[in-house]
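What follows is one structure encoded as structure tokens, with my remarks underneath.
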Amino acid sequence: MRDSGPSGSGEVPTVLVQDRDGHDLLCFLEQLIPLDGSDYALLTPVDTPVSLFRLKDGDEPEPISTIASSEPILSVADVVLQEHDLTLVRSAVTLTVAGELDEPDPEDLEDEEEEDDEESETYELLVSFMVDNKEYGLYIPLDPFFVVARMVDGQAELVEGEDFDRIQPRIEAELEEREWPD
């Protein structure tokens, strides 16, 4: 696993990471970072990460951070995505969408960045739908979505909570030292 990013051959190693609830997330291995005698992996999901928001007329979309995988909202999202030949995956760390997505037009993204510096511009609406007379949306983050895992005997263990808070600044410092592109 020497490869620290996409190579000319187009093959990037993948790693399966699992959360405490037993949900899996297949990720590309972007970087290996040795710290304190352990190897930490910087990963990006193979499928497209999405975030669920509640939409209210005239208000900013409200993120929904915790939702049970059996929630009716997700069942409706499943149906709406199937109409676009997409599949909602209840993955570890985040919800993801499997299938071919249209890439956002880079010119549209540049125009949005110039218009607004607000955090609300860090997501793009994928689909919206109604459940019990309330509107919801699945949004794609425009910034790269990274997952941190500790590599133990060839297995990726998700780094969460206090461990993540402790290790994240050190990983960022190491990446800056390596001149990781923004």
Side-chain angles (χ1 to χ4, degrees), residues 1-53 61 63-69 71 74 77 81 86-101 103-104 106 109 113 117-124 126 138-182:
M1 283 202 217
R2 265 192 344 244
D3 197 1
S4 63
S7 65
S9 68
E11 290 192 31
V12 178
T14 56
V15 176
L16 189 66
V17 91
Q18 192 174 67
D19 66 10
R20 294 181 196 148
D21 298 327
H23 295 105
D24 294 328
L25 180 63
L26 184 62
C27 294
F28 292 116
L29 175 63
E30 300 292 341
Q31 293 275 325
L32 269 180
I33 302 155
L35 291 174
D36 303 332
S38 295
D39 281 333
Y40 289 88
L42 188 64
L43 310 169
T44 55
V46 170
D47 291 329
T48 304
V50 292
S51 297
L52 180 65
F53 285 81
I64 298 174
S65 54
T66 56
I67 187 163
S69 56
E71 191 74 35
L74 297 183
L81 287 170
L86 300 171
T87 305
L88 183 64
V89 183
R90 291 143 177 89
S91 308
V93 184
T94 185
L95 295 170
T96 57
V97 171
E100 291 297 316
L101 290 170
E103 290 293 319
L109 297 180
E113 287 173 11
D117 290 354
E118 289 183 35
E119 194 171 311
S120 63
E121 297 301 325
T122 59
Y123 291 93
E124 180 180 349
L126 175 61
L138 285 176
Y139 284 78
I140 300 170
L142 296 177
D143 293 329
F145 187 95
F146 291 108
V147 176
V148 176
R150 184 179 301 110
M151 299 304 293
V152 179
D153 298 326
Q155 300 293 313
E157 295 179 353
L158 188 62
V159 177
E160 300 177 277
E162 291 178 14
D163 284 344
F164 178 79
D165 293 341
R166 178 181 56 78
I167 206 76
Q168 186 231 358
R170 297 182 60 206
I171 288 174
E172 285 179 359
E174 175 67 24
L175 290 174
E176 281 180 26
E177 209 171 282
R178 293 181 186 191
E179 295 182 342
W180 178 258
D182 289 332

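For this chain, numbers begin at 1 and follow the sequence in order.
- For Ala98, the side chain to side chain contact (heavy atoms under 4.5 Å, CB included) partners are Asp47, Thr87, Val89, not counting sequence neighbours.
- Looking at Val50 and Leu88, their side chains come closer than 4.5 Å, going by heavy atoms from C-beta outward.
- Residue Ile171 comes nearest to Tyr40 through the heavy atom pair CD1-CB, 4.1 Å, listed as atom of the first residue, atom of the second, then distance.
- Looking at heavy atoms from C-beta onward, Leu158 lies out of side-chain contact with Leu25 at the 4.5 angstrom threshold.
- The shortest side-chain heavy-atom distance between Val147 and Thr44 does not fall under the 4.5 Å cut-off.
- Looking at residues two or more places apart in sequence or on another chain, you find a side chain to side chain donor-acceptor pair (under 3.5 Å) between Glu174 and Arg178.
- Applying the side chain to side chain donor-acceptor pair (under 3.5 Å) test to Thr96 and every residue at least two apart in sequence or in another chain returns Ser91.
- Listed by chain and residue number, Val15, Val17, Ala149, Met151 satisfy the side chain to side chain contact (heavy atoms under 4.5 Å, CB included) test with Ala156 (two or more places apart in sequence, or in another chain).
- In this view, Glu157 satisfies the salt bridge (charged side-chain N to carboxylate O under 4.0 Å, His left out) rule with no residue, not counting sequence neighbours.
- Partners of Glu160 according to the salt bridge (charged side-chain N to carboxylate O under 4.0 Å, His left out) rule, which considers only residues two or more places apart in sequence or in another chain, are Arg20.
- Here the CG-OG1 distance, from Leu26 to Thr14, works out to 5.0 Å after rounding to the nearest 0.5 Å.
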TODO: Might you work through the side-chain contact (heavy atoms from CB on, under 4.5 Å) test for Val97 and Ile140, ending with a clear yes or no?
DONE: CA-CA 9 Å; Val97 171; Ile140 300 170; over 6 Å; no
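- The side-chain heavy atoms of Leu43 and Glu30, taken from C-beta on, include no pair separated by under 4.5 Å.
- Taking Asp39 as the reference, nothing meets the side chain to side chain donor-acceptor pair (under 3.5 Å) condition, with sequence neighbours excluded.
- Listed here is the closest heavy atom pair of Leu175 and Gln31: CD2-CG, 4.0 Å.
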Task: Full working for side-chain contact (heavy atoms from CB on, under 4.5 Å) between Phe28 and Val46 - done: CA-CA 6 Å; Phe28 292 116; Val46 170; 3.9 Å; yes
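- The two residues Phe145 and Pro49 come nearest to each other via the heavy atoms CB-CG, 3.6 Å.
- Judged as a side chain to side chain contact (heavy atoms under 4.5 Å, CB included), and not counting sequence neighbours, the contacts of Pro63 are Phe53.
- Distance check, rounded to the nearest 0.5 Å: CG of Asp143 to OG1 of Thr122 gives 6.0 Å.
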Open item on the list: For a side-chain contact (heavy atoms from CB on, under 4.5 Å) check, start with the C-alpha distance between Ile167 and Arg150, then their side-chain angles and the critical distance, and finish with the verdict.
Closed with: CA-CA 10 Å; Ile167 206 76; Arg150 184 179 301 110; over 6 Å; no
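- Judged by distance alone, the side chain of Asp19 and the main-chain N or O of Asp21 form a donor-acceptor pair under 3.5 Å.
- Judged as a side chain to side chain contact (heavy atoms under 4.5 Å, CB included), and not counting sequence neighbours, Pro169 has no contacts.
- Every residue meeting the salt bridge (charged side-chain N to carboxylate O under 4.0 Å, His left out) condition with Asp36, not counting sequence neighbours, appears here in chain and number order: Arg170.
- Note: Leu86 CG to Leu126 CG = 6.0 Å, rounded to the nearest 0.5 Å.
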TODO: Please step through side-chain contact (heavy atoms from CB on, under 4.5 Å) for the pair Leu95 and Leu74, ending with a clear verdict.
DONE: CA-CA 10 Å; Leu95 295 170; Leu74 297 183; 3.9 Å; yes
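- With a 6.0 Å radius and a threshold of 12 heavy atoms from other residues, nucleotides or ligands, Gln168 has its CD atom above the threshold.
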